[in-house]
Amino acid sequence: MSDEDYNESVLRVVESIPPGKVLTYGAIADIVGRGGPRQVGAVMAQVGGGVPWWRVVYADGSLPGCHRPDALDHYREEQTPMRAGESVVDIRQAFWKDA
DNA sequence: CTCTTGACGCCGG
DNA sequence: TCCGGCGCCAAGA
């Protein structure tokens, strides 16, 4: 497995996330079966520009600072479950339990 | 080769 | 339930 294959695997998982749902860095790392949350984050930072990056959040549903207000627009558009009045995803409901 | 840094996560107070 | 701190893994200086 080369680095490129790893990147591709991560990107593929992110692309497979349906609208209104989200996955955590740790979950993605677990699905890919290689590296850890930090590595997934590293991949996203480098080549995550072409995928629905806003559907990837912290394990507690909070947003990485890099998502900026842009992600909020997508969430509103996709009807993503959010915590009332707070820019935080309701991980309990939004977590994509299949994969 | 060692130290720091970063799109993270879990444990304990 | 909220906060702070420690642990992890790889890349870069």
Side-chain angles (χ1 to χ4, degrees):
Chain A
M1 289 293 278
S2 67
D3 299 339
E4 295 305 320
D5 292 327
Y6 181 69
N7 296 342
E8 191 181 336
S9 299
V10 172
L11 296 179
R12 181 151 27 178
V13 173
V14 176
E15 286 182 331
S16 68
I17 304 173
K21 290 291 180 179
V22 300
L23 277 186
T24 66
Y25 293 90
I28 294 172
D30 186 57
I31 294 170
V32 174
R34 179 179 162 184
R38 309 300 296 258
Q39 280 47 261
V40 173
V43 173
M44 292 305 289
Q46 296 167 52
V47 292
V51 298
W53 48 266
W54 59 90
R55 292 176 193 162
V56 183
V57 301
Y58 287 153
D60 61 11
S62 57
L63 277 51
C66 328
H67 280 191
R68 293 180 286 175
D70 304 4
L72 300 183
D73 297 330
H74 290 288
Y75 294 148
R76 196 169 54 245
E77 181 183 343
E78 299 178 1
Q79 300 280 300
T80 303
M82 303 287 291
R83 285 203 197 174
E86 311 194 34
S87 306
V88 180
V89 176
D90 186 332
I91 197 61
R92 307 281 292 238
Q93 296 180 56
F95 187 77
W96 189 35
K97 42 224 176 294
D98 307 305

Worked verdict on A:V10 versus A:V47 for side chain to side chain contact (heavy atoms under 4.5 Å, CB included): CA-CA 10 Å; A:V10 172; A:V47 292; over 6 Å; no
Run the side chain to side chain contact (heavy atoms under 4.5 Å, CB included) test on A:L23 and A:I31 for me, step by step, so that the C-alpha distance in whole Å, both residues' side-chain angles and the decisive distance to 0.1 Å come before the verdict. CA-CA 10 Å; A:L23 277 186; A:I31 294 170; 4.1 Å; yes
Given 3.5 Å as the limit, does a donor-acceptor pair link the side chain of A:Y75 with the main chain of A:W54, or not? yes
For A:G26, which contact category applies under a 4.0 Å heavy-atom criterion: base, sugar-phosphate, or nothing? sugar-phosphate
Between CD of A:Q39 and CG of A:D3, what distance do you get to the nearest 0.5 Å? 11.0 Å
For atom CG of A:D60 and atom P of B:dC11, their distance in whole Å: 14 Å
Figure out the OH/C1' separation between A:Y6 and C:dA10, and round it to whole Å. 10 Å
Round to the nearest Å and state the distance from A:F95 atom CZ to B:dC8 atom C1'. 14 Å
Between B:dA7 (C1') and A:L23 (CG): distance, integer Å: 14 Å
note: A:I91, atom CD1; B:dC10, atom P; distance rounded to Å ~ 11 Å
For DNA chain B, find the residues of residues 64-86 of chain A with a heavy-atom distance under 4.0 Å and give them by number; none if there aren't any. A:P64, A:C66, A:H67
Got a donor-acceptor contact below 3.5 angstrom from the A:K21 side chain to the A:T80 backbone? no
Tell me whether the OP1 or OP2 atom of B:dA7 has a side-chain N or O from A:Y25 closer than 4.0 Å. no
Has A:E8 got a side-chain atom pairing as donor or acceptor with A:E4's backbone, closer than 3.5 angstrom? no
What is the distance, to the nearest angstrom, from the CG atom on A:D3 to the P atom on C:dA11? 6 Å
Give the nucleotide from the list B:dG9, C:dC9, B:dA7 with an atom nearest to the side chain of A:A59. B:dG9
From B:dG9, B:dA7, C:dA10, pick the nucleotide closest to the side chain of A:A45? B:dA7
Distance check needed: B:dA7 P versus A:L11 CG, whole Å only. 17 Å
Once you round it to whole Å, what is the distance between C1' of C:dC8 and CG of A:D30? 15 Å
Which listed nucleotide (B:dA7, C:dC9, B:dG9) is nearest to the side chain of A:R38? C:dC9
Nearest 0.5 Å, what's the CD-CZ distance between A:E15 and A:R55? 10.0 Å
